[in-house]
Asks: 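Attaching a single structure in structure tokens format; questions to follow.
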Amino acid sequence: MGSARLFFTENLLEWNKEQNNRSMPWKNEKDPYKIWLSEIILQQTRVEQGWPYYERFIQYYPTVQQLAQAPEEEVFRLWQGLGYYARCKNMLAAAREITNTYNGKFPDQYDQIKALKGIGPYTAAAIASFAFNLPHAVLDGNVFRVLSRFFGIDTPIDSTAGKKQFSELAQALLPADKANVYNQSIMDFGAVVCKPQAPNCDDCPLQRKCAAFNQNLINLLPVKTKKIQVKKRYFNYIILQHKNNIYIRKRTASDIWQNLHEFILMETDNATDFTALQKDNRFRDLLGDLPFSIEKISALLKQQLTHQTIYSQFITIKVSTAPALHDYIAVSQKQLNNYAFPKTITTYLESNNLQLF
DNA sequence: AACACGGGGGC
DNA sequence: GCCCCAGTGTT
């Protein structure tokens, strides 16, 4: 076992030195703020998807103080479309914590870093090692996969036992004085060579001692047990217009798209049409006896997410008398650009920009 | 321990 | 369709 471990780390570092051509804006970055920003953006997010967001954030907020001073809605606008919006909320809270508690100087101890909002064990280890070369091994999807395959470990990576086992192994393998380059190496290796599907085993420098390769288990490792349930939801959006204004509100429930904005929502258990919707109490409560005109009814649009399939329909309605809506605010079309919306809504807005009014 | 949280790309 | 992505917070 000891020799396998030595073989693993030595050949991994050798691969990094000789064959790793992966280039990214935050690689070899030493500013903990920029490293942190990249790590938050990249949580459960592909590098290509997060890349332009990283560039934009750095451009808008070159320092943590500047991010901390930014208005929340502006930060959400920059995050719009990236998903997992709690990351954005937590990021801003952490920036303000760093500015207030640490005087704007990013903390340089693992425990302090991990205590910040939105920073868990992975991100804390990444920042600690990349910025400060502290000996904390990263454990992300790449590391789970590489270790599981090379060492032939079939403990489910989404179990408590698996997390503990892989975490201890990752830490034991880490060359304490090379945490920075080693952590970078193992993640790049997982992304470039030991990929989830169709890994490049032919060109793999670890192949000779790889348990999964030698036992033909490449496609069976790592093991995951949990399967996700995808539920269907039906969002009927009323785009209510009065003069030059549209009514929107911020989503506050602990549900998808928390802190993003939306039009007047009437969610139903099944697909419905406007005739049926008009009989809904929520619609009656909305306008009372006010006269209205139907301007446009969209097709049923589908958005596939990890945990749910969302079917949405947009119904544009005009009224000449302002309705009294407590939860919603009236904004002009121009002002819509000041608010962050989920992808379903921005896609609809972009494709109907000229027809909205 | 289980679940929720977005959006997109590869196959 | 299903899996995965530089995971974390809540229940």
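Reminder, nothing fancy here: chain letters follow the sequence lines and each chain counts from 1. Heavy atoms only: backbone and side chains are in, while hydrogens, waters and symmetry mates are out.
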Asks: Under the 3.5 angstrom rule, does the side chain of A:Arg282 hit a backbone N or O of A:Glu267 as a donor-acceptor pair?
Replies: yes
Asks: Yes or no on side-chain hydrogen bond (donor to acceptor under 3.5 Å, both in side chains) for A:Asp158 and A:Thr225, after CA distance, side-chain angles and deciding distance?
Replies: CA-CA 7 Å; A:Asp158 54 358; A:Thr225 54; 3.1 Å; yes
Asks: So, are A:Glu262 and A:Arg249 salt-bridged, with charged N and O less than 4.0 Å apart?
Replies: yes
Asks: Walk along nucleotides 4-11 of chain C from 5' to 3' and tag each nucleotide B, S or - by protein heavy-atom contact under 4.0 Å, base first, then sugar-phosphate.
Replies: SBBBSS--
Asks: Please state how far atom CD in A:Gln229 lies from atom P in C:dG1, giving the value in whole angstrom units.
Replies: 15 Å
Asks: I need the CG-P distance between A:Leu305 and C:dC2, as an integer number of Å.
Replies: 15 Å
Asks: Between B:dA4 and C:dA6, how far apart are the two P atoms, rounded to whole Å?
Replies: 24 Å
Asks: May I ask you to verify if any side-chain N or O of A:Lys227 is less than 4.0 angstrom from the OP1 or OP2 atom of C:dC2?
Replies: no
Asks: Under a 4.0 Å N-O cut-off, is there an ion pair linking A:Arg77 with A:Glu73?
Replies: no
Asks: Below 4.0 angstrom, N of the basic side chain to O of the carboxylate: do A:Arg284 and A:Asp280 qualify?
Replies: no
Asks: Are A:Lys89 and A:Glu72 ion-paired here, with the side-chain N under 4.0 Å from a carboxylate O?
Replies: yes
Asks: A:Gln308 CD to B:dG6 C1': how many Å, rounded?
Replies: 9 Å
Asks: Of A:Gln229, A:Lys232, A:Arg233, which meets side chain to side chain donor-acceptor pair (under 3.5 Å) against A:Gln308?
Replies: A:Arg233
Asks: How many whole angstroms separate atom CZ of A:Phe235 from atom C1' of B:dG6?
Replies: 12 Å
Asks: Using a cut-off of 4.0 Å on non-hydrogen atoms, how would the nucleic acid contact of A:Gln304 be classed: base, sugar-phosphate, or nothing?
Replies: nothing
Asks: Nearest whole angstrom, please: distance from the C1' of C:dC2 to the NE2 of A:His307.
Replies: 14 Å
Asks: For B:dG6, does OP1 or OP2 lie under 4.0 Å from any side-chain N or O of A:Gln303?
Replies: no
Asks: With sequence neighbours left out, write down each residue that passes salt bridge (charged side-chain N to carboxylate O under 4.0 Å, His left out) with A:Glu48, or none if nothing qualifies.
Replies: A:Arg46
Asks: For A:Gly190, which contact category applies under a 4.0 Å heavy-atom criterion: base, sugar-phosphate, or nothing?
Replies: nothing
Asks: For DNA chain B, what is the dot-bracket line, given that a base pair needs Watson-Crick (N1 to N3, plus N6-O4 or O6-N4) or G-U wobble (N1-O2 and O6-N3) geometry with both distances under 3.5 Å, and | means paired with another strand?
Replies: |||||.|||||
Asks: A:Lys195 has an atom NZ; how far is it from atom C1' of C:dC3, in whole Å?
Replies: 15 Å
Asks: Can you measure A:Asp158 atom CG to B:dA2 atom P for me and round it to whole angstrom units?
Replies: 9 Å
Asks: If the C1' atom of B:dG9 is compared with that of C:dT8, how far apart are they to the nearest Å?
Replies: 23 Å
Asks: For A:Trp79 and B:dG6, is the shortest distance between a side-chain N/O and OP1 or OP2 below 4.0 Å?
Replies: no
Asks: Using atom C1' in both nucleotides, what's the gap between B:dG6 and C:dC4 to the nearest angstrom?
Replies: 14 Å
Asks: Do A:Asn133 and A:Val181 have side chains that approach each other closer than 4.5 Å (heavy atoms only, starting at C-beta)?
Replies: no
Asks: Need to verify one output field. Residue with the more 5' nearest nucleotide on DNA chain B, A:Ser159 or A:Ala86?
Replies: A:Ser159
Asks: Go through A:Phe151 and A:Phe8 one step at a time and tell me if the ring-ring contact (aromatic ring centres under 6.0 Å, His included) criterion holds.
Replies: CA-CA 9 Å; A:Phe151 293 99; A:Phe8 179 85; 5.4 Å; yes
Asks: Using atom NZ of A:Lys226 as one end and atom P of B:dC5 as the other, report the distance to the nearest whole Å.
Replies: 17 Å
